[in-house]
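One structure is given here, and the rest of the page talks about it.
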Amino acid sequence: MNFSAQSKAFALLLSVGFVAGCSSTGGTSEEGGEYGSDVAAVDQEGGSTVYGGDDQDGVSSSAMTEEERMAAREQAEQQALREVTVFYFDFDTAEIKQEARDVLVAHARFLANNPGQNVRIEGHADERGTKEYNLALGERRANAVQRFLIVNGASRGQLETVSYGEEKPAVMGSSESAWAQNRRVELVFE
Amino acid sequence: MRDHQREVTTTGVPPWKSPVALSVTLHLLILGIALAGWSWTSPVEEPSPRSISARLITQQEPEPSPVVDPVDQQKRDEERRAEEQRQREAAERQRQEEEARRIAEQKRQEEQKRLQQQKEQERQEAAAKEQEARKAREEEAARKKAEAEAKERARQKAEEEKRRQEEARRKAEEEKRRQEEQRKREEAERKRQEELARQEAERKREEAERKLREQQLEAQAEAAQRAREEEARRRQEAAAAKAREAQMLSESEKYQALIRERLSQAWYPPSSATEDMTARLQITLLPTGELSGVRLVSSSGNTAFDNSALGAVRSLSRYPIPNDRDTFERYFRQFTIEFNPRRLR
Amino acid sequence: MTHWIWYRPSRALLAAIALIFFVVSGARAELLIRITEGAGSAIPVAVVPFAESGQMPAGDKVGSIVQADLTMTGEFRTLPPEKMLSLPSRREEVYFRDWRLLGQRYVLVGALTRSGDRVQARYELFDVNREERILGETAAAPASNIRSLAHHISDKVYEAITGVPGAFSTKLAYVTLDTANGKPRYRLQVSDVDGKRARIRLESQEPILSPAWSPDGEKLAYVSFETGKPVIFVHELATGKRSKVADFPGLNSAPAWSDDGRSLLMTLSKDGSAEIYRMNLESRQLTKLTNHWAIDTEPTYDASGEGIFFTSDRSGGPQIYHMETPGAEPRRITFGSRYNARPRPDNDGEYVYYVHQRDRAFHIARTELKTGEETILTRTESDESPSVAPNGRMLIYATRQNGTNVLTVISADGGAAYSLPASEGDVREPAWGPLVR
């Protein structure tokens with residue numbers, strides 16, 4: 001597997017942080033007792049006391065805050081959405097369907113956050129009708145997806161479009177279901 | 001952090017076992033391993049080669065490469081010899097030049113002595129001449145002054161006159177310029193007004209044309225509609241006429257219909273036949289119904305079409321005719337057949 | 001010449017004189033029978049196997065090639081030789097009564113003679129009912145080219161009977177698709193009009209589309225995906241040399257030649273949407289001919305060589321449009337269906353042929369340009385790529401039959417269909433070559 005310098009540095013930092021989090025364990029129990037007496041009241045005015053404590057060195061951070069939990073969930077959702085890289089269309093139209101929008105937004109955000117990531121947008125059509133018109137229709141579908149991604153954050157330089165018309169069907173056959181599966185745009189990440 | 005350290009020491013844990021020190025050393029270890037073991041360069045991303053996956057079927061022969069000659073050793077030797085010769089010749093030349101210089105120097109010195117003697121004589125003569133010349137100059141100078149003064153007066157007068165004349169010319173020119181400018185302005189104005197008038201006229205013309213075209217299109221649409229309505233009327237009338245015919249069918253008409261049917265089935269009009277092609281043939285029959293003669297009375301203009309009509313007529317070996325001899329003689333002894341396709345699509 | 005018209009009596013006067021004459025002579029008005037409809041079926045023709053003297057090259061016989069040619073048009077029904085009562089090879093041997101009995105309208109007889117490496121054909125065509133010879137010729141060709149000799153005879157026979165020049169000596173270009181080593185293999189091929197003598201011109205693992213013949217029949221323009229995107233090439237058939245003429249960003253597709261062979265119409269999308277351009281092939285200069293956000297593609301010159309037919313979906317779905325002159329305001333031609341595409345006009349300016357959707361099926365249809373009348377020509381249901389024969393009498397198109405794509409020839413008015421035998425895999429994108437004199 002090839003890693004870029006960026007991701008290696010990131011991994012190194014992560015491991016450093018992880019190791020920093022769990023350093024030696026000897027003497028913790030004894031320190032615990034002393035800690036208790038060390039916690040000093042910071043503010044003694046009035047009747048209230050505020051206890052300020054130093055960072056609890058020695059406790060492994062397995063407990064996450066609410067914010068962190070939500071962020072992790074969102075990231076997982078976005079990743080799941082991005083599993084989908086094929087989008088389907090109705091006959092003789094390049095209109096992006098409602099169910100595709102969230103997925104495309106997820107892709108657009110991913111591309112916005114990873115400017116080095118390039119993607120090729122391949123447009124297709126089903127076999128009915130004429131080849132040349134289908135070539136233009138495939139391109140129109142690819143352009144629609146391209147525009148959508150740009151509007152939602154991707155930059156033009158990351159995107160490349162190509163149309164194959166009816167020449168590269170995903171499913172062979174002359175049934176409604178085969179045709180429906182061939183009227184598509186595919187995202188190919190490079 | 002200080003508190004931590006104090007805490008640790010009071011509980012009696014040796015300094016090098018402290019958690020901080022341990023963690024620091026671990027960090028350093030890891031850093032060391034990482035730096036030593038990992039490469040810091042990112043792999044160069046090569047674009048996947050888009051090999052041209054097409055293959056031409058015809059072959060072309062490759063061109064032969066040109067041949068290069070090696071340097072000749074002989075030439076080098078020759079060049080060396082030539083250089084040596086040049087050097088020798090140059091040394092000779094130098095010696096010759098030096099001698100010539102010595103001789104030239106001697107000659108110069110002798111000449112100089114001669115020149116000095118001549119100069120002395122000339123100086124004495126020149127002094128005497130100079131005195132005479134001084135007298136003559138003084139006299140001339142006086143004459144010239146008087147002349148110069150006179151000329152100056154004359155020049156001044158002439159200049160003044162010139163100035164007056166020039167001023168007069170300038171005034172005249174300016175006047176002309178003013179007049180010309182006025183004329184130009186007036187002309188420009190006239191032209192502008194003419195242009196405006198022309199543009200207006202054009203606009204009106206274009207509008208008139210547009211209206212004409214609109215009217216023409218409307219007229220065409222109306223004419224097309226009328227034609228369609230007429231066609232519908234014709235078809236209705238034809239159907240009605242057929243019904244009438246069926247009622248009034250007489251003997252001769254029955255046989256006419258039969259002949260028409262048989263000939264239709266036997267006629268193969270060429271595929272290029274159009275509705276305006278009409279061929280007329282005159283038929284002569286024998287009382288048996290056999291064909292006695294065919295004559296092309298009027299051609300369709302298309303040979304293939306005419307031939308198809310002739311072929312159809314000749315393909316019937318016997319024509320259906322009424323048994324009654326009088327009816328036959330009257331209608332079927334000689335009659336005309338006209339071939340003219342009507343498309344029913 | 002115009003002067004003597006003044007002295008011609010008017011028609012009314014002539015009619016009056018004629019009427020008087022008839023009344024005086026007592027002649028009856030002659031019966032007139034009008035025939036307005038023909039048999040509506042194919043003309044029966046007998047192609048008698050030619051007599052042979054000398055060694056004939058192996059392969060199909062001249063007679064059977066002529067028979068197949070005439071049958072392909074849908075306008076003729078040929079008599080199987082086993083039903084013939086005699087096998088004449090010259091006029092003296094022809095008994096017209098026999099052929100009449102067999103219901104034949106025309107009979108073709110001939111003889112082939114081999115001399116050296118050439119074959120000579122002497123042939124005659126007879127009208128059975130008129131008992132007249134309507135065509136007689138001697139033609140010769142190298143023995144290796146005997147198929148061309150047969151097609152030449154078919155051209156002459158067709159023209160003698162119908163008055164229209166035959167298109168049997170023309171070529172077809174088309175694309176086949178099969179698999180080799182698990183990968184798709186596209187091949188651009190050129191063959192005779194009956195599919196024989198096919199020669200591969202280009203082989204690729206990526207699609208090849210839209211072959212288009214130059215007017216002199218010497219070059220093909222086509223779209224190839226060999227570089228990963230659609231690019232237009234011009235390919236010289238005699239030398240195999242080809243040049244890339246359009247490789248702009250986006251689409252480079254749908255090439256169509258001008259009548260003088262100097263420029264190509266094409267569809268490019270480099271300026272945003274698919275538009276039609278004209279490219280001068282020498283200077284490579286482009287002229288933009290359409291300017292609309294819709295898809296404008298599949299351009300082709302009309303019979304006049306100046307106007308242009310094309311497909312556009314500016315009205316919502318693809319329809320056929322026509323520009324009187326390049327760049328003029330387009331006029332819509334098709335109305336009856338929501339999908340009409342890929343116009344191909346005939347050379348006479350009478351009809352334009354195209355792909356037409358009716359209910360759920362895609363047929364080939366044609367519109368008569370004078371009247372606007374539309375007719376559906378095919379019963380097959382997934383039709384594509386119509387191409388008109390240069391004599392306007394036949395049409396070839398691609399369709400699906402039993403799960404594979406095949407080429408079918410029909411007569412221009414939709415009668416009779418003749419499927420070209422497909423040797424390997426899938427055949428598509430037929431283009432009918434020009435008449436070459």
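These numbers come from a predicted model, not from an experiment.
- You'll find the side chain of A/Lys131 reaches within 4.5 Å of the side chain of C/Arg428, heavy atoms only.
- A/Arg140 has a carboxylate O that lies under 4.0 Å from a charged side-chain N of C/Asp313, or vice versa, which qualifies the two as a salt bridge.
- In summary, the side chains of A/Thr130 and C/Glu298 do present a donor paired with an acceptor at a separation below 3.5 Å, with no hydrogens or angles considered.
- For the residue pair C/Arg400 and A/Ser174, a side-chain donor N or O sits within less than 3.5 Å of a side-chain acceptor on the partner.
- Closest heavy-atom contact between A/Ser163 and C/Pro230: O-CD, 4.2 Å.
- The local environment of CZ in C/Arg331 is sparse, with at most 12 non-hydrogen atoms from other residues, nucleotides or ligands closer than 6.0 Å.
- Most heavy-atom pairs under 4.5 Å with chain A: of the set C/Ile295, C/Leu177, C/Val355, this distinction falls to C/Ile295.
- Shortest non-hydrogen contact noted between C/Glu384 and A/Glu127 is OE2-O, 3.1 Å.
- Here OH of A/Tyr133 is found 11.5 Å from CG of C/Asn340. Values are rounded to the nearest 0.5 Å.
- The structure places OG of C/Ser273 at 9.5 Å from CG of A/Asn143, a figure rounded to the nearest 0.5 Å.
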Next item on the list: Take A/Arg128 and C/Glu381 through the test side-chain contact (heavy atoms from CB on, under 4.5 Å) and record every step on the way to the result.
Entry: CA-CA 10 Å; A/Arg128 295 175 294 166; C/Glu381 298 198 334; over 6 Å; no
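- In this structure, C/Tyr339 and A/Phe91 have parallel ring planes: the angle between them is below the 30° cut-off, well short of the 60° mark.
- The two atoms that bring A/Glu139 and C/Gly250 nearest to each other are OE2-CA, 3.6 Å, heavy atoms only.
- Taking a 6.0 Å sphere around CZ of A/Arg156, one finds it holds 12 or fewer heavy atoms contributed by other residues, nucleotides or ligands.
- The minimum heavy-atom distance linking C/Gly228 with A/Tyr164 is given by the pair O-OH, 3.7 Å.
- Using modelled atom types and a 3.5 Å distance limit, the side chains of C/Ser210 and A/Glu132 yield a donor-acceptor pair.
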Check: Where do A/Glu122 and C/Lys229 land on the salt bridge (charged side-chain N to carboxylate O under 4.0 Å, His left out) test, with the steps shown first?
Finding: CA-CA 10 Å; A/Glu122 300 183 346; C/Lys229 61 183 283 275; over 6 Å; no
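- For C/Tyr186, the part lying under 4.5 angstrom from a heavy atom of chain A is the side chain only.
- Per-residue heavy-atom pair counts under 4.5 Å with chain A were compared for C/Gly317, C/Ser253, C/Ala341, and the maximum is reached by C/Ser253.
- Here the closest non-hydrogen pair linking C/Gly316 and A/Asp92 is O-OD2, 4.3 Å.
- Between chain C and the residues A/Val162, A/Leu137, A/Leu135, the largest count of heavy-atom pairs under 4.5 Å involves A/Leu135.
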